[in-house]
Amino acid sequence: MNVLFSLLAVGVLIALGYLGGQVAGLRFVFGVVIPYAAILVFIAGLVYKVIYWAKSPVPFRIPTTCGQETTLPWIKSSTLDNPHTTLGVLGRMALEVLFFRSLFRNTRMEIKEGPRVVYGENVYLWAAGLAFHWSFLIIFIRHFRFFTEPVPGFILAMQYVDGFMQIGVPVLYLTDLFLVAGLTFLFIRRLWSPQLRYISQAADYFPLLLILGVALTGIWMRHFTKTDIVGVKELAMGIVTFSPMVPESVGSVFFMHLILVCSLFAYFPFSKLMHMAGVFLSPTRNLANDNRMVRHVNPWNPEVEVHTYAQWEEEFKDKLEAAEIPLDKD
Amino acid sequence: MHDAKYIVPGLVAFLVLITLPLWYNAAMGRSAVGPTLQYPEGESQCVLPKDEMKGEHMQILDDWRDEAVRDGERYYVHPDGTTREKSLTNTCLGCHGDRAQFCIKCHDYAGVKPYCWDCHIEPERD
């Protein structure tokens, strides 16, 4: 049900895009108004959500440790998995953000003959996730060729490396392949296992299918139903230079691609995709495990009136002396 | 808001990155409008209609190369009955002689670097 609903939603979006490209009066709406609205919703929604999250206090360290904590000098500590310094935390965060280190530790459990529980490694989710995320980032940056004039050299260099195999014309980008392969794996993985299917919501399938739709319409436009690329760049440049225009020559296939991209941007702040910002705010990853070195005081603890031993001793000093009880002070 | 000293710079960095095309284009001061091409004088008809050529020229050139170099089929019969040689240098550049005024304009604008000129050279004109 969840997957059919998601599929239907993406299908409706594609149909809307087709309509937007075909009906003359709608081309400006779908080519300019909706993209502006989507970008605004994306930026405002993302900033709102991060600030909302930042209102949650994290007064204490929450160490989920995967290695030896720093203790005595002769016990070897795990500086990246259980850092106690800011530098160590930066290392752990970099590995988390760039290489999904905690996902790499993903394990699978099976019940074998016996019955006997067996744990094994499971790197497929990590590998597909890494391939998908990196490809998507490179494709996103590559698209800056439509939003910049003149096109900066590093984008041309990126395109050159990405199309290094020179397969077909226009050349096939390897990241396009990796993106579709990664997404296909992530999608089928949810359908494959009954347990995983049981816990999968429409909110899990929809982003996968939406991004798959973006990728496939893009590949379709590049390699099969061509559209006027100069017109596409004029449209994109019009948006970023605030002089919007929708050239006649831009075909419906582009509008299908565009409506899916706009949906992705507008949907982003309200979905699980916000893990893009959230990963930076993970308390279990971005706080040093220095509980044994630094005293972390809860900032909103109420003032408690304390009566220390020193004060007590001072108060009953004469009685303690009379009873010949030794004083701390001496 | 807690930890603002980390979160605010992070958000600002994100906003700058995501809006980079706005600043870049403002600094470069180029217009959003694409290039205008100089079409050959005297000729009114390419090997295919203009719209098809826009989308398919790279595929046609690739097919022509394979057919001419590998299969020895060196001539293309135009729908109007005339015959053209499958040759980038003689046929394509025969009309579109100045590639700086034709090929390069759109390719530069769209950020495309065709590898035609890895092997071919531009014929010298009088």
Side-chain angles (χ1 to χ4, degrees), chain A residues 39 42-43 46-47 50-59 141-152 155-156 159-160 163 166 168-171 221 223-245 247 249 251 276-277 280-281 286 299, chain B residues 1-37 48 50-66 104-116 118-119:
Chain A
I39 293 167
F42 172 69
I43 291 176
L46 191 136
V47 170
V50 169
I51 289 175
Y52 174 74
W53 284 340
K55 285 178 179 160
S56 300
V58 187
I141 296 172
R142 250 188 17 223
H143 273 72
F144 274 53
R145 78 175 164 119
F146 295 113
F147 296 96
T148 50
E149 173 61 26
V151 182
I155 288 172
L156 296 174
Q159 286 185 148
Y160 175 74
Q166 287 193 353
V169 270
V171 291
M221 179 162 51
H223 296 285
F224 301 100
T225 310
K226 313 272 170 62
T227 193
D228 178 26
I229 203 80
V230 171
V232 168
K233 180 154 182 178
E234 284 180 326
L235 192 151
M237 286 292 292
I239 287 175
V240 293
T241 56
F242 301 103
S243 46
M245 60 175 134
S249 52
M276 181 178 85
F280 293 98
L281 304 181
N286 65 12
Chain B
M1 192 172 160
H2 301 269
D3 291 317
K5 65 177 171 171
Y6 301 116
I7 292 172
V8 171
L11 271 179
V12 169
F14 169 76
L15 288 177
V16 169
L17 279 177
I18 201 79
T19 54
L20 210 54
L22 301 185
W23 319 124
Y24 182 85
N25 290 312
M28 289 295 165
R30 300 280 185 98
S31 129
V33 183
T36 42
L37 296 182
L48 283 176
K50 187 173 150 190
D51 282 347
E52 282 178 54
M53 285 310 290
K54 259 190 185 172
E56 305 293 338
H57 64 276
M58 66 299 265
Q59 191 62 52
I60 291 168
L61 285 169
D62 199 43
D63 291 344
W64 278 17
R65 178 196 63 190
D66 290 355
I104 288 178
K105 275 196 164 176
C106 288
H107 284 134
D108 267 4
Y109 183 69
V112 181
K113 268 197 150 62
Y115 52 86
C116 309
D118 290 2
C119 304

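Chain identifiers are assigned alphabetically (A, B, ...) following the order of the sequence lines, protein sequences preceding nucleic acid strands; residue numbering begins at 1 within each chain.
Contacts of A:F280 with chain B are absent, with no heavy-atom separation under 4.5 Å from either backbone or side chain. For A:Y52, no part lies near chain B; criterion is any non-hydrogen pair under 4.5 Å. For A:M221, no part lies near chain B; criterion is any non-hydrogen pair under 4.5 Å. If you measure heavy-atom distances from B:L11 to chain A, the contacts under 4.5 Å come from the side chain alone. For a residue to count as touching a neighbouring chain, one of its non-hydrogen atoms must lie under 4.5 Å from one of that chain's; by this rule B:Y24 touches chain A with the side chain only. With a threshold of 4.5 angstrom between heavy atoms, B:Y6 does not approach chain A through any atom at all. With a threshold of 4.5 angstrom between heavy atoms, B:M28 approaches chain A through side-chain atoms but not through N, CA, C or O. For chain A, no part of B:A26 is nearby; none of its heavy atoms comes within less than 4.5 Å. The contact between A:Q159 and chain B is made entirely by side chain atoms (from C-beta outward), counting heavy-atom distances below 4.5 Å. For a residue to count as touching a neighbouring chain, one of its non-hydrogen atoms must lie under 4.5 Å from one of that chain's; by this rule B:L15 touches chain A with the side chain only. Residue A:P247: no heavy atom, backbone or side chain, is found under 4.5 Å from chain B. For B:D51, no part lies near chain A; criterion is any non-hydrogen pair under 4.5 Å.
In this structure, A:Y160 places its OH atom where only 12 or fewer heavy-atom neighbours from other residues, nucleotides or ligands lie under 6.0 Å away.
B:A32 and A:G238 get closest at one heavy-atom pair: CB-N, 3.8 Å. Nearest heavy-atom pair, A:F144 versus B:L20, reported as atom, atom and distance to 0.1 Å: CE2-CB, 4.4 Å. When all heavy atoms of B:P21 and A:V240 are compared, the closest pair comes out as CB-CG1, 4.0 Å.
Side chain of B:N25 to backbone of A:F147: a donor-acceptor contact under 3.5 angstrom is found. A donor-acceptor pair under 3.5 Å links the side-chain atoms of A:K233 to the main chain of B:Y109, judged by distance alone.
Counting heavy-atom pairs closer than 4.5 Å to chain A, the top residue among B:K54, B:E52, B:K113 is B:K54. Chain B forms more heavy-atom pairs under 4.5 Å with one residue of A:I229, A:D228, A:L281, A:T227 than with any other, namely A:D228. The most heavy-atom pairs under 4.5 Å with chain B, out of A:S243, A:S249, A:P150, A:P152, come from A:P150. Options A:I51, A:L156, A:V169, A:I39 differ in how many heavy-atom pairs under 4.5 Å they form with chain B, and the most are formed by A:V169.
Annotation: the span from A:F224 atom CZ to B:Q59 atom CD amounts to 10.0 Å, rounded to 0.5 Å. Between B:L22 atom CG and A:T241 atom OG1 the span is 9.0 Å, to the nearest 0.5 Å.
Counting heavy atoms from C-beta outward, A:V151 and B:D108 have side chains that stay 4.5 Å or more apart. Counting heavy atoms from C-beta on, the side chains of A:K226 and B:M58 come closer than 4.5 Å. Two residues are said to be in side-chain contact when any heavy atoms from C-beta on lie closer than 4.5 Å; B:F14 and A:L46 meet this criterion. Between B:H2 and A:V58 the shortest side-chain heavy-atom distance does not fall below 4.5 Å. Using a 4.5 Å heavy-atom cutoff, the side chains of A:V50 and B:I7 are in contact.
Annotation: salt bridge (Lys or Arg N to Asp or Glu O under 4.0 Å) contacts involving residues 3-30 of chain B, sequence neighbours excluded, comprise A:E149-B:R30.
Under the side chain to side chain contact (heavy atoms under 4.5 Å, CB included) criterion, B:S31 pairs with B:V33, not counting sequence neighbours.
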